[in-house]
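Per chain, numbering begins at 1; letters A, B, ... match sequence-line order. As the structure is a prediction and not an experimental result, all values here were calculated from the model.
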Amino acid sequence: MSKDERRVKHITPKTEDFSRWYIEIIQKSELADYAPMKGMMVIRPYGYAVWENIQRLLDQRIKATGHVNAYFPLFIPESFLQKEAEHVQGFSPEVAWVTMGGKEELEERLAVRPTSEAIIGHMYSKWVKSWRDLPVLINQWANIVRWEKVTRPFLRTTEFLWQEGHTCHETSEEAQTETLLILSLYKEFVETELAIPVISGIKSFREKFAGAQETYAIEALMSDGKALQMGTSHNLGQHFSKAFNIRFEDRNQNLQYVWQTSWGMTTRLIGAVIMSHGDDSGLKLPPRVAPIQVVIVPISMGNWKEDVLPAAQAIEEGLKKVGLRVLLDTREEFTPGWKFSEYEMRGVPLRIEIGPRDVKAGQAVLVRRDTREKMTLPLDAMASKVPGILEDIQASLFREAETFLRENTRQAGGYEEFKDVMDNQRGFVKSLWCGSDACEDKIKEDTMATIRVIPLELKSQAGPGACVCCGKEAKALAYFARAY
RNA sequence: CGGGGAGUGGCGCAGCCUGGUUAGCGCGCCUGCCUUGGGAGCAGGAGGUCGUCGGUUCAAAUCCGACCUCCCCGACCA
């Protein structure tokens, strides 16, 4: 058995069984664990720390674009959900209901929010009276419950965490601008902070949010070739403002319904990070969201506490001073080799090894998680060089994922070619589509692929051409993929 | 929700078919010694109502039933 095989012996290789690999990584790296109720998980401290980093970085962006945070109730009266017909129809199969309060049956049952358009719409109708009240730009961080039939940690759990933005605008144009602003904010966030390249665009009618006028989304390609929706931004039009009577008197003294948007990203993002970057040795966390960015492993030989520890502590302090999240692992019950493997499995981007030889030479050994590249660096250069190395790791993870995305995005002109790619290669397939539900359904039935998005920048490229499925005149160029 | 597989100390498994005292093994854990530059070694030790509930039986991890949970494949979804 080679060294490499020994190192990874207890993780199922990605290529052998992707989904087992995914589950094992989550449990062994202590991101999350199963709760005893179906479809529910505990986000453990290490996983929650990733979420906190995501929250912080996303929240900054949401606030920077003029939004403010608020909090709405967990429960929504049934009658509220029913006000928007498509909305209730879309969500009713997966709503959890509260029917009892203590020992008394409720007069009206309460939905545990599957999303908050209804309760927020109700409140907005109280708050919005004049054009001067607009726009309303509110976001909330909350938990959501959807009674899903098939669940998987982070990707689809009965309860999950998210942020949901809900805005009201004076005009349709403003709502559309907001919808696209958030879409691009999401794309920038995911690409910058999670190092995951995405394609963005509009959803087909079949795939749009229940109650929305239009749904836009960002989609990424996981390393098994399946697509994952990472964020959605909905232009709600006046669907909810009419259902909830959210009206205002406009600048011309006309009574009008507001134009709304809603948008969200969830703890699913963590699943995307795992599946985009991880390898057979475990997680690879992007430095921007890694709970531990740098781990220092002292080589504890001889009287290392005098020889090595002070130098290790000096590195720790120096790196903390420049704002890095650092862990110095001084535990004596584990050997350095054990720690190396452990932190690789947990996805720590950079490891610093320092032993007696290094201290004498005034240096330490740095090992990158992404490339496993080793380098030595003078001790007094740590604080100035390490941040740059982390940035390079972040950039390199993105490039690698970008290459994967590019290499797994294919064109298919004919239907046989389309089916062949879906069966044998997966990934995204770009094809022309006539716009009919019938073709979308047939493609799904034949290949399990759905339209992930119709990229906005490619709308004009639809041009003259034939639908990949029926051969009739195409209306759009769409990205198809099998999806989570 | 339909089809298939599984649940035995923290983890991975054996035992079940063919019921029979104190349910084994590897890893991990605890104590001590010794080690430490890629998951060290030795010695001693702790830890399990065999997923849950019920049934059959003199006797159930083992046979039967129901339920719970997980995994895989479908239909549904962030």
Side-chain angles (χ1 to χ4, degrees), chain A residues 1-12 17-20 22-24 27-28 30 33-41 90-95 114-115 144-164 186 203 206-207 209-210 215 217-220 227-234 262-272 281-282 297-305 308 330-345 351-359 364-365 367 372 374 376 444-445 448 450 482-484:
Chain A
M1 202 184 242
S2 74
K3 282 181 187 175
D4 210 52
E5 279 166 324
R6 258 191 290 123
R7 179 167 51 223
V8 301
K9 66 187 170 192
H10 60 300
I11 298 173
T12 302
D17 185 340
F18 190 85
S19 109
R20 189 162 174 183
Y22 177 76
I23 300 291
E24 284 181 7
Q27 296 199 289
K28 287 181 173 153
E30 298 181 353
D33 199 2
Y34 288 104
M37 306 82 77
K38 182 174 164 46
M40 313 217 184
M41 67 168 181
F91 281 102
S92 64
E94 54 192 50
V95 172
T115 180
I144 289 294
V145 169
R146 295 182 188 173
W147 221 260
E148 300 286 356
K149 287 164 184 166
V150 177
T151 57
R152 197 190 286 256
F154 291 114
L155 298 183
R156 183 170 295 102
T157 47
T158 302
E159 179 185 7
F160 57 93
L161 306 181
W162 79 353
Q163 61 65 217
E164 50 180 327
Y186 280 172
K203 288 279 183 184
R206 272 273 188 282
E207 301 281 330
F209 174 74
T215 289
I218 55 171
E219 294 265 341
L228 184 73
Q229 179 172 303
M230 298 193 54
T232 48
S233 183
H234 315 292
S262 71
W263 28 274
M265 287 211 283
T266 79
T267 34
R268 169 179 273 191
L269 293 176
I270 297 171
S281 299
V297 179
I299 308 302
S300 39
M301 301 174 77
N303 52 347
W304 67 281
K305 283 186 181 167
V308 177
T330 57
R331 290 178 298 175
E332 292 183 85
E333 61 268 35
F334 297 108
T335 63
W338 188 91
K339 292 176 185 174
F340 297 165
S341 300
E342 179 71 7
Y343 291 111
E344 278 170 17
M345 196 260 291
R351 174 174 80 239
I352 298 178
E353 309 173 6
I354 181 161
R357 293 202 302 264
D358 299 309
V359 174
V365 177
V367 186
R372 291 220 163 79
K374 287 195 178 191
T376 55
K444 187 172 181 182
E445 203 181 310
M448 295 192 291
T450 50
R482 291 184 193 171
Y484 276 99

Distance in angstrom units between [X] [atom1] and [N] [atom2], rounded:
{"X": "A/Ile11", "N": "B/G39", "atom1": "CD1", "atom2": "C1'", "answer": "12 Å"}
{"X": "A/Glu445", "N": "B/C76", "atom1": "CD", "atom2": "C1'", "answer": "15 Å"}
{"X": "A/Glu333", "N": "B/U35", "atom1": "CD", "atom2": "P", "answer": "18 Å"}
{"X": "A/Lys444", "N": "B/A75", "atom1": "NZ", "atom2": "P", "answer": "7 Å"}
{"X": "A/Arg331", "N": "B/U36", "atom1": "CZ", "atom2": "C1'", "answer": "14 Å"}
{"X": "A/Met345", "N": "B/G28", "atom1": "CE", "atom2": "C1'", "answer": "13 Å"}
{"X": "A/Lys38", "N": "B/C68", "atom1": "NZ", "atom2": "P", "answer": "10 Å"}
{"X": "A/Asp33", "N": "B/C11", "atom1": "CG", "atom2": "C1'", "answer": "11 Å"}

Which nucleotide, [options], lies nearest any side-chain atom of [X]?
{"X": "A/Met301", "options": "B/G37, B/A75, B/C71", "result": "B/G37"}
{"X": "A/Met448", "options": "B/G74, B/G39, B/G37", "result": "B/G74"}
{"X": "A/Tyr34", "options": "B/C70, B/U36, B/G74", "result": "B/C70"}
{"X": "A/Lys149", "options": "B/C13, B/G37, B/A75", "result": "B/A75"}
{"X": "A/Pro153", "options": "B/C76, B/C71, B/G37", "result": "B/C71"}
{"X": "A/Arg152", "options": "B/G74, B/C72, B/G37", "result": "B/C72"}
{"X": "A/Ile23", "options": "B/C71, B/G74, B/U36", "result": "B/C71"}
{"X": "A/Arg20", "options": "B/C13, B/G37, B/C76", "result": "B/C13"}

Look at all strands and tell whether [X] reaches a base, only sugar-phosphate, or nothing, counting heavy atoms closer than 4.0 Å.
{"X": "A/Glu353", "value": "base"}
{"X": "A/Gly271", "value": "nothing"}
{"X": "A/Glu148", "value": "base"}
{"X": "A/Phe340", "value": "base"}
{"X": "A/Thr157", "value": "base"}
{"X": "A/Asp17", "value": "nothing"}
{"X": "A/Glu342", "value": "base"}
{"X": "A/Pro36", "value": "sugar-phosphate"}
{"X": "A/Leu155", "value": "base"}
{"X": "A/Val365", "value": "base"}
{"X": "A/Met230", "value": "nothing"}

Sticking with atom [atom1], work out how far [N] lies from [M], rounded to a whole angstrom.
{"N": "B/G19", "M": "B/C58", "atom1": "P", "answer": "15 Å"}
{"N": "B/C29", "M": "B/U22", "atom1": "P", "answer": "31 Å"}
{"N": "B/G5", "M": "B/G65", "atom1": "P", "answer": "14 Å"}
{"N": "B/A40", "M": "B/C33", "atom1": "C1'", "answer": "14 Å"}
{"N": "B/A23", "M": "B/C13", "atom1": "C1'", "answer": "14 Å"}
{"N": "B/G26", "M": "B/C67", "atom1": "P", "answer": "39 Å"}
{"N": "B/U57", "M": "B/C64", "atom1": "C1'", "answer": "12 Å"}
{"N": "B/C11", "M": "B/C71", "atom1": "P", "answer": "15 Å"}

Going by purine N1 to pyrimidine N3 plus the second Watson-Crick contact, or the G-U wobble pair, all under 3.5 Å, which nucleotide sits opposite [N]?
{"N": "B/G2", "value": "B/C73"}
{"N": "B/G7", "value": "B/C68"}
{"N": "B/G44", "value": "B/C30"}
{"N": "B/C25", "value": "B/G12"}
{"N": "B/C63", "value": "B/G55"}
{"N": "B/G39", "value": "none"}

Residue pair A/Glu219 / A/Gln229: nearest heavy atoms and the distance that separates them: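 Scanning both residues completely, I find the closest heavy atoms to be OE2-CB, 3.3 Å.
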Where A/Pro356 and A/Val308 come nearest, the two heavy atoms and their spacing: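 The answer is N-CG2, 3.5 Å.
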Beyond-backbone contact of [X] with [Y], side-chain heavy atoms, under 4.5 angstrom:
{"X": "A/His234", "Y": "A/Phe209", "value": "yes"}
{"X": "A/Lys305", "Y": "A/Glu332", "value": "yes"}
{"X": "A/Met265", "Y": "A/Tyr186", "value": "yes"}

A/Tyr343 vs B/G38: side-chain N/O to OP1/OP2 distance below 4.0 Å: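 A/Tyr343 to B/G38 OP1/OP2: no side-chain N or O under 4.0 Å.
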Closest-nucleotide 5' rank along RNA chain B - winner of A/Lys28 and A/Gly39: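 The 5'-side residue here is A/Lys28.
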Which residue lies more 5' along RNA chain B, comparing A/Met37 with A/Gly337 via nearest heavy atoms: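 Final value for this comparison: A/Gly337.
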Between OG1 on residue A/Thr215 and CZ on residue A/Arg206, distance to nearest 0.5 Å: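 Taking OG1 in A/Thr215 and CZ in A/Arg206, the distance rounds to 14.5 Å.
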Quiz item: A/Thr335 side-chain donor-acceptor pair to B/U36 base, under 3.5 Å: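 By the distance-only test, no, there is no pair.
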N/O donor-acceptor pair, side chain A/Arg351 with base B/G38, under 3.5 angstrom: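 Side chain to base: pair present.
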Identified side-chain contact (heavy atoms from CB on, under 4.5 Å) partner of A/Phe160 from the options A/Thr266, A/Val145, A/Thr151: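 Answer to the side-chain contact (heavy atoms from CB on, under 4.5 Å) test with A/Phe160 among A/Thr266, A/Val145, A/Thr151: A/Thr266.
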Neighbour count above 12 (heavy atom, 6.0 Å) for A/Trp147 CH2: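 No, the 6.0 Å shell around CH2 holds no more than 12 heavy atoms from other groups.
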Side chain to side chain donor-acceptor pair (under 3.5 Å) between A/Ser281 and A/Arg372, intermediate numbers included: CA-CA 11 Å; A/Ser281 299; A/Arg372 291 220 163 79; 2.6 Å; yes
